[in-house]
Peer 1: 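Sharing a structure, written as structure tokens. Questions coming.
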Amino acid sequence: MPKTIRELADELKVSKQTIQYHYQRLSTKNQQKNSQGTNMINPKAERIIRDKVAKPLVANNHQISNKKTPKTSKENNELIATLRREVEDLKSQRDKQLATKDQQISSKDRQIDHLIKLIDQQQQLQLTTVTENKQLKDHVQKLDDLLETFKSPQIRQGNDKKEDPNKNRIDKAWWHFW
């Protein structure tokens, strides 16, 4: 059953601020609010907060108990259980992060493969375009050569037909009349 921050603080004999501090650092899926907007702590979040709050308490108790009395096996068992839970939580977090990273890497691999395919297609298109351009240039050159050979005889014939206009001209200068 979910508890409020005050209830958990009273139960653990710590301040509300301490519980609030640890609650705010939980992942958003472990944080929840009731219908009035009050922060509620679910059992999983409670266990995480207990583990975090219990560590300093255990450390403080350990220092105090070292001075007064040796630890009992019950305290040791609680500490071991707390540490094991924390190790399991850390392992699960690590596994989730690794799974996320694996998904991201595979997504990047797919993107890279797609980009390589696009680059290959672009290069093939470029090569095809260059080949077509070369063929067109060769074709234009052949047409120019053919046009040149066709025009050459006509130019020679045209030059033969042209006569010097000054040959048939009669001297009509005015001084000839004197």
Peer 1: Mark yes or no: Arg25 above the aromatic ring of Tyr23, with NZ or CZ under 6.0 Å from the six-membered ring centre and no more than 45 degrees from the axis.
Peer 2: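 Ring-cation test returns no.
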
Peer 1: Between Ile5 and Thr38, is the side chain to side chain contact (heavy atoms under 4.5 Å, CB included) condition met? List the steps.
Peer 2: CA-CA 9 Å; Ile5 291 176; Thr38 305; over 6 Å; no

Peer 1: Is there a side-chain contact between Lys142 and Leu146, using heavy atoms and a 4.5 Å cut-off?
Peer 2: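 No; the side chains remain at least 4.5 Å from each other.
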
Peer 1: If we only count heavy atoms from C-beta on, is the Gln20 to Asn39 side-chain gap below 4.5 Å?
Peer 2: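 Result yes, sub-4.5 Å side-chain heavy-atom pair found.
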
Peer 1: Test question: given the 4.5 Å side-chain rule for I, L, V, M, F, W and Y, name all other residues clustered with Ile116, or answer none.
Peer 2: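 Grouped by the 4.5 Å side-chain rule, Ile112 form the rest of the cluster around Ile116.
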
Peer 1: I want to check something: taking the side chain as every heavy atom from C-beta on, are His22 and Thr18 in contact at a cut-off of under 4.5 Å?
Peer 2: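 Side-chain contact under 4.5 Å: yes.
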
Peer 1: Could you go step by step and tell me if Ile48 and Arg85 meet the side chain to side chain contact (heavy atoms under 4.5 Å, CB included) rule?
Peer 2: CA-CA 9 Å; Ile48 294 169; Arg85 283 193 302 266; over 6 Å; no

Peer 1: Determine whether a donor-acceptor pair (N or O, by modelled atom type, separation under 3.5 Å) exists between the side chain of Ser107 and the backbone of Gln103.
Peer 2: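 Checking the backbone N and O of Gln103 against the side chain of Ser107, no donor-acceptor pair under 3.5 Å is found.
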
Peer 1: Give a yes or no on whether a salt bridge exists between Lys16 and Asp10, defined as a side-chain N under 4.0 angstrom from a carboxylate O.
Peer 2: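 The answer is no: the pair does not qualify as a salt bridge.
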
Peer 1: Applying the side chain to side chain contact (heavy atoms under 4.5 Å, CB included) test to Lys134, which of Leu136, Val130, Asp138, Thr131 qualifies?
Peer 2: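 When side chain to side chain contact (heavy atoms under 4.5 Å, CB included) is applied between Lys134 and each of Leu136, Val130, Asp138, Thr131, only Asp138 qualifies.
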
Peer 1: Do Met40 and Lys33 come within less than 4.5 Å of each other through their side chains, counting heavy atoms only?
Peer 2: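 No, every pair of side-chain atoms sits at 4.5 Å or beyond.
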
Peer 1: Is there side-chain contact between Asp113 and Lys117, with at least one heavy-atom pair below 4.5 Å?
Peer 2: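 A side-chain contact is absent here, since even the closest heavy-atom pair is not under 4.5 Å.
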
Peer 1: Nearest 0.5 Å, please: how far is CD1 in Ile49 from NZ in Lys3?
Peer 2: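 Answer rounded to 0.5 Å: 11.0 Å.
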
Peer 1: Enter the distance from Lys96:NZ to Ser27:OG here, rounded to the nearest 0.5 Å.
Peer 2: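 Between atom NZ of Lys96 and atom OG of Ser27 there are 7.0 Å.
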
Peer 1: Could you grab the distance from atom NZ of Lys108 to atom CG of Leu115, nearest 0.5 Å is fine?
Peer 2: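 Atom-to-atom, Lys108:NZ and Leu115:CG are 10.0 Å apart.
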
Peer 1: Compare every heavy atom of Ser92 with every heavy atom of Asp89, then report the nearest pair and how far apart it is.
Peer 2: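 Here Asp89 and Ser92 meet closest at O-OG, 2.8 Å.
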
Peer 1: In Å, rounded to the nearest 0.5 Å, how long is the span from CD of Gln97 to CZ of Arg94?
Peer 2: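 Rounded to the nearest 0.5 Å, the CD-CZ separation comes to 10.0 Å.
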
Peer 1: For the pair Glu7 (side chain) and Thr4 (backbone), establish whether a donor and an acceptor sit closer than 3.5 Å, ignoring hydrogens and angles.
Peer 2: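 Yes, the answer is positive, given that a donor and an acceptor are paired below the 3.5 Å cut-off.
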
Peer 1: Which value, rounded to the nearest 0.5 Å, describes the distance between Asp144 atom CG and His139 atom NE2?
Peer 2: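 Asp144 atom CG to His139 atom NE2 measures 10.5 Å (nearest 0.5 Å).
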
Peer 1: With the side chain counted from C-beta on, respond yes when Ile19 and Ile41 share a heavy-atom pair under 4.5 Å apart, and no when they do not.
Peer 2: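 They are in side-chain contact.
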
Peer 1: If you look at every heavy atom in Gln24 and Gln31, which pair is closest and at what distance?
Peer 2: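 The pair with the smallest heavy-atom distance is O-NE2, 3.4 Å.
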
Peer 1: Give the intermediate values and the outcome of side chain to side chain donor-acceptor pair (under 3.5 Å) for residues Asp145 and Gln141.
Peer 2: CA-CA 6 Å; Asp145 291 345; Gln141 185 62 39; 3.2 Å; yes

